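The block underneath contains the structure these notes are about, expressed in structure tokens.
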Amino acid sequence: MPRPTTRHDLPHAPTHDLPHAPTHGPSDGASDSLSPGPSDRPSPGPSDSPSDGASDDPSVPLAPTPAQTVGPFYGYALPFPGGERIAPAGHPGTVTVHGCVRDGAGAPVPDALLEFWQAGPDGSLTGAPGSLRRDPVTGAVIGRDGVDFTGFGRIPTDADGRYVVRTLPATAPAGCPDAAPYLAVCLFARGLLHHLFTRVYFPEHAAAHAADPLLARLPAERAKTLLARPDGPGRYRFDVHLQQAEDGTYEETVFLAFR
């Protein structure tokens, strides 16, 4: 059972004391007379003292390195051709889900990556293989064959933070009688050391939302952040807000922790 959680300020990466560089003696057989010995080295004068406050005492730890995030590299390695086309080509029931990923200041995130997972039309969670189908000659990922429904998609956001996915209507997973139909979403974005999980529910299943194990545990205002809104025939909009706006104009999207 996923547990709803709220993100706070991003944690800093752990820092460690810098190791001291190892010292080695001459390794090429050269005479010690080529370099001054300890007694021959001049004592450092005032002008030779470190100016940054560092100590020559090896027992005093050096200043920690600043916290940094790694990447993002996923924008180069993870997207694949046709990642946004989950529905088989020409399927009459195809729906479009689109939206924008925004940060705490409301600015679009241009290099986020969203993965969509969903049950098949029969509620099966196995899915057909082939999302990452490769060319047998070149080894390059060429994506789906356009016929089988794999239930998986991977979409990078564009320069305006937007994404579009075309898939089949959501269904509830088999074996979960109280669950409302939904799309599962995994989100990668700049500044995140760990990816985030959320869900997309749809307005036409409002009767099932009251019994859904997740939605039933959320206050109404929080539950709304998981609800896509109609945006034309067969089209829905679902925006992702990584943090709540300081002025309260929008809520942070509910993210899930699996334990």
Side-chain angles (χ1 to χ4, degrees), residues 1-15 66-80 83-84 86 96-118 152-167 170 180 182-203 209 212 214-215 217-231 235-259:
M1 172 65 64
R3 181 178 63 84
T5 184
T6 302
R7 290 191 359 36
H8 299 287
D9 292 337
L10 296 174
H12 292 290
T15 58
Q68 297 179 356
T69 56
V70 179
F73 303 118
Y74 45 77
Y76 301 96
L78 296 183
F80 60 92
E84 76 285 358
I86 304 177
T96 298
V97 179
H98 71 102
C100 183
V101 178
R102 297 185 180 275
D103 62 18
V109 181
D111 50 9
L113 186 76
L114 299 95
E115 290 185 348
F116 286 83
W117 305 74
Q118 68 181 101
F152 170 75
R154 183 180 288 159
I155 307 99
T157 56
D158 63 16
D160 297 319
R162 298 188 176 278
Y163 73 91
V164 178
V165 59
R166 294 175 175 85
T167 188
Y182 66 86
L183 305 181
V185 183
C186 180
L187 173 70
F188 303 78
R190 63 172 67 187
L192 297 179
L193 298 180
H194 301 284
H195 43 271
L196 303 174
F197 297 97
T198 189
R199 289 180 178 179
V200 185
Y201 290 87
F202 295 87
H209 292 171
D212 183 85
L214 173 59
L215 294 179
R217 298 169 59 189
L218 296 172
E221 289 302 313
R222 300 295 292 133
K224 286 181 181 179
T225 69
L226 301 181
L227 187 63
R229 65 178 187 269
D231 190 36
R235 192 170 68 183
Y236 302 87
R237 174 149 188 164
F238 181 75
D239 292 334
V240 178
H241 298 282
L242 296 180
Q243 291 179 324
Q244 181 177 358
E246 292 184 1
D247 59 5
T249 53
Y250 55 80
E251 289 267 345
E252 174 183 307
T253 299
V254 169
F255 298 108
L256 310 176
F258 291 87
R259 302 187 185 281

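Every value quoted in this text rests on a predicted model; they were computed, and no experiment measured them.
In terms of heavy-atom proximity, Ala170 sits nearest to Phe202 at CB-CE1, 3.6 Å. Here the closest non-hydrogen pair linking Cys100 and Asp160 is SG-O, 3.6 Å.
Separating the OG1 atom in Thr249 from the CD atom in Gln244 is a distance of 8.5 Å, to the nearest 0.5 Å. For the atom pair Ile155 CD1 and His98 NE2, the distance stands at 13.5 Å (nearest 0.5 Å). For the atom pair CD (Glu115) and CZ (Phe152), the distance works out to 4.0 Å, reported to the nearest 0.5 Å. A distance of 7.5 Å separates OH of Tyr250 from CG of Asp247, quoted to the nearest 0.5 Å. Atom CG of Leu187 sits about 9.0 Å away from atom OG1 of Thr198, to the nearest 0.5 Å. Atom NE2 of His209 is separated from atom CG of Leu226 by 9.5 Å, given to the nearest 0.5 angstrom.
For the side chain to side chain contact (heavy atoms under 4.5 Å, CB included) with Val165, the lone residue among Val185, Val97, Val200 that qualifies is Val97. A ring pair (Phe, Tyr, Trp, His ring centres under 6.0 Å) with Phe197 is found for exactly one of Trp117, Phe255, Phe258, namely Phe258.
Side chains of Asp111 and Arg190 form a contact here, defined as non-hydrogen atoms less than 4.5 Å apart. Using a 4.5 Å heavy-atom threshold, the side chains of Glu252 and Thr225 count as separate. Using a 4.5 Å cut-off on side-chain heavy atoms (C-beta onward), Val109 and Val240 make no contact. Using a 4.5 Å heavy-atom cutoff, the side chains of Val164 and Arg166 are in contact.
Taking the six-membered ring where the residue is Trp, Tyr182 and Tyr201 present tilted rings, their angle falling between 30° and 60°. Using cut-offs of 30° and 60° for the angle between ring planes, the His195 and Phe188 rings count as tilted.
Checked for salt-bridge contact, Asp239 and Arg102 miss the test: no charged N lies under 4.0 Å from a carboxylate O.
Formation of a donor-acceptor pair under 3.5 Å by the Thr167 side chain with backbone atoms of Ile86 is not found in this model. Listed for the Arg217 side chain is no donor-acceptor partner under 3.5 Å among the backbone atoms of Asp212. Thr96 places no side-chain N or O within 3.5 Å of a backbone atom of Arg235 that could act as its donor or acceptor partner. Of the possible polar contacts, one joining the Asp103 side chain to the Ala105 backbone as a donor-acceptor pair under 3.5 Å is found.
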From CA spacing to verdict: side chain to side chain contact (heavy atoms under 4.5 Å, CB included), Glu251, His241:
CA-CA 7 Å; Glu251 289 267 345; His241 298 282; over 6 Å; no
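The ring of Phe116 has its center no closer than 6.0 angstrom to the ring center of Phe238.
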